[in-house]
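Written below as structure tokens is the structure these notes are about.
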Amino acid sequence: MDKCSSELSIPSAPRDFGFYNNGSYVAAGTREIFTRSSPGHGVPVTRIPKCTVEDLDLAVDSARTAFDDRRWSGLNGQARAAVLLKAAALIRERSEEIAFFETLENGKPISQARAEVGGCADMFEYASGLARSLHGDSFNNLGDGMFGIVTREPVGVVGLITPWNFPFLILCERVPYILASGCTIVAKPSEVTSATTLILAEILTDAGLPDGCMNVVTGSGSSIGQALIEHPRVDMLSFTGSTAVGRRVVEAAGRTNFKKLGLELGGKNPQIVFADADLEDAADGVAFGIGFNTGQCCVSGSRLIVERSVADEFAQMLREKFSKVVVGDPLDEKTQIGAITTDAQNTTIMSYIEKGSAEGAELICGGEQLDFGRGQYIAPTLFGNVTGDMAIAREEIFGPVLTIMPFDTIEEAIEIANDTEYGLAASVWSKNIDKALTVMRQVQAGRFWVNTTLAGGPELPLGGFKQSGWGREAGMYGVEEYTQVKSVHIEIGKRTPWIE
Ligand code: TXE
């Protein structure tokens, strides 16, 4: 065991996982294996099988059979809720193990991973109630001869493709809601962060979920992911990831069986700061909004739009905040910003930083790789003198890089905020309620924060406007998303004949 600066140790050998089919692990056997090294330390931490397309077919068969024979959707809400509640308890019981693997594979700080796992148990607890309260509608106003009801039915087999930035959180913003609706699942986590998805499948079986309702295939996006989005026996696909792959998902659904889609894609989210804000709070919130999860967050507040009269002062405040934030070993409990998750993402972020300088933006602070002897780390980076046509102002960087653009009027602030193809999230900082609510109404985003940022929880839905996606996850909306609606007309009494 290699000792870190905290109590936690890097494992001396990687942990072997199988993939998960029909209620149990399937060992890798002769399949190729992907060895994942921790981005914070460069040490192998997990070994995951690369599933074949035949493995995927098997998993879809399992989910299909489990759905079609109604072993799950045929249970009452109380029975489904009991499984979800038990799963929540088991997540809490195994929270340290889950947080540990989340940190090892992803590079996020352990304190953050622990908080996320707690939040995930809460998702299951909340969704258990929704399993019992999911209901339709009735129409008692169709006259004495007719009664109308609207029922909700589970869509069927759901393919669930998740990314590497929040492997467990994004999974748990979906799985309990999908299960509450009565659907069954074939999940495909990112190839670099599969461990905690596999652990969740095991937990669900232990919680009493019938076999076949939660299956996990592991492997690359281009092979196994692509086969899943094209699969004719999958009824719905929930995809979270890049806009480019989201487009492929839409094309694949159109080419095959028109499966229902849920998409959560990229973001370039504005943080609008007015001069009348509590600037100390705003600076802390803006720093958190871009530093959290190393900015590898679809809802990161990556564009600061600040009232010109306080722009210089605010930039100085941010610079100071950035200088104090603790970047370092993800296993150290004091760390606030951990490692960049993949080599490719590290290269992407550094190339945007170069591009920002080349395009004429002013590098106020950061901009460099931090050398801790191992792992890959980037200092929180601030760019001033940014204009709306620069790549760093338009494209999702997915790293700890914040751009600053000043505004003079509320109309201008709203115009800059909406000048993007994305519409995932936005924040406003102001003590003037008229300004805050006007901005809230006019900025196009699926999530909006007033005098805070990145707040969340199981009650409120998540999802994007514009090219940030389709559909909503979490809350009652997140359960309804995985249902389809059936309208039923019931005639009462003697029919008025068509043929006399
Ligand atoms: O995402 P991909 P990547 C953005 C972010 C980042 C960029 C690239 O800007 O820099 O995307 O990240 C699976 N068919 N976001 O390359 O490739 C893949 O295996 C089916 C934003 O990692 O979209 C993984 O499970 N599936 C985002 C998932 O898609 C495919 C979070 C996401 O990977 C596939 C992550 C295919 N052809 C990245 N190709 C957010 N919204 O939070 C890949 N996959």
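For ligands, and for the atoms within them, numbers begin at 1 and follow the listed sequence.
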Please indicate whether [X] has more than 12 foreign heavy atoms, meaning atoms of other residues, nucleotides or ligands, lying under 6.0 Å from its [atom1].
X	atom1	result
Glu459	CD	yes
Arg441	CZ	no
Arg114	CZ	yes

Tell me yes or no: between the side chains of [X] and [Y], is some donor less than 3.5 Å from an acceptor?
X	Y	value
Arg36	Thr193	no
Glu264	Ser468	no
Gln369	Asn346	yes

Numbering as shown, the atoms of ligand 1 that approach [X] to under 4.0 Å (heavy-atom distance):
X	value
Glu396	4 (C), 5 (C), 9 (O), 21 (C)
Gln345	6 (C), 10 (O)
Phe239	23 (O), 28 (C), 29 (O)
Glu264	41 (N)
Thr162	24 (C), 25 (O), 28 (C)
Gly225	14 (N), 20 (C), 26 (N)
Glu191	18 (C), 19 (O)
Pro163	31 (C), 35 (C)

### Message
Can you tell me if Phe166 contacts ligand 1 (heavy atom of the residue under 4.0 Å from the ligand)?
### Response
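No.
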### Message
Heavy-atom contact check, 4.0 Å cutoff: does Thr348 meet ligand 1?
### Response
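Distance cut 4.0 Å: Thr348 fails for ligand 1.
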Identify the closest protein heavy atom to [atom]: which residue and atom is it, and at what distance?
atom	value
atom 36 (C) of ligand 1	Gly221 O, 3.3 Å
atom 13 (C) of ligand 1	Ile161 CG2, 3.7 Å
atom 40 (C) of ligand 1	Cys298 CB, 3.4 Å
atom 23 (O) of ligand 1	Ser242 OG, 2.7 Å
atom 41 (N) of ligand 1	Leu265 O, 2.9 Å
atom 37 (N) of ligand 1	Gln226 OE1, 2.8 Å
atom 38 (C) of ligand 1	Phe398 CE2, 3.8 Å
atom 3 (P) of ligand 1	Trp164 NE1, 3.8 Å

### Query
So Glu96 and Leu8, side chain to side chain contact (heavy atoms under 4.5 Å, CB included) or not? Walk me through it.
CA-CA 11 Å; Glu96 202 45 41; Leu8 290 170; 4.3 Å; yes
### N or O pair under 3.5 Å between Thr240 and ligand 1
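It does not: no N or O of Thr240 is found under 3.5 Å from an N or O of ligand 1.
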### Query
Do any N/O atoms on Val245 end up under 3.5 angstrom from N/O atoms on ligand 1?
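No; every N/O pair is 3.5 Å or more apart.
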### Message
Quiz question for you: does at least one protein heavy atom lie closer than 4.0 Å to atom 44 (N) of ligand 1?
### Response
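True for atom 44 (N) of ligand 1.
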### Task
Flag atom 19 (O) of ligand 1 as yes if some protein heavy-atom distance to it falls below 4.0 Å, otherwise no.
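Protein heavy atom within 4.0 Å of atom 19 (O) of ligand 1: present.
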### Message
Name the residue from Leu179, Ile185, Val158, Leu160 that meets the side chain to side chain contact (heavy atoms under 4.5 Å, CB included) definition with Arg174.
### Response
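The option that passes is Leu160.
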### Task
State whether the side chain of Tyr20 and the backbone N or O of Gly23 hold a donor-acceptor pair below 3.5 Å, judged by distance alone.
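Present.
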Under a 4.0 Å heavy-atom limit, does [X] contact ligand 1 with its side chain, its backbone, both, or neither?
X	value
Arg248	side chain
Pro189	backbone
Leu228	neither

### Task
Just do the side chain to side chain contact (heavy atoms under 4.5 Å, CB included) check on Glu116 and Phe168 with the steps written out, would you?
CA-CA 8 Å; Glu116 285 173 20; Phe168 200 63; 6.0 Å; no
#### Entry: Cation over ring face, Arg47 and Phe34, 6.0 Å, 45°
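Judged by the rule, Arg47 and Phe34 form no cation-pi pair.
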### Message
Before we go on, tell me: are the rings of Phe19 and Tyr25 under 6.0 Å apart, centre to centre?
### Response
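Between Phe19 and Tyr25, the centre distance exceeds or equals 6.0 Å.
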### Test side chain to side chain donor-acceptor pair (under 3.5 Å) applied to Gln112 and Thr103, Asn293, Asn106, the passing residue
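Exactly one candidate clears the test, Asn293.
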### Query
Less than 4.0 Å between a side-chain N and a carboxylate O, is that true for Glu97 and Arg94?
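A salt bridge links Arg94 with Glu97.
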### Task
Just do the salt bridge (charged side-chain N to carboxylate O under 4.0 Å, His left out) check on Arg92 and Glu125 with the steps written out, would you?
CA-CA 11 Å; Arg92 292 196 193 281; Glu125 283 154 2; 2.9 Å; yes
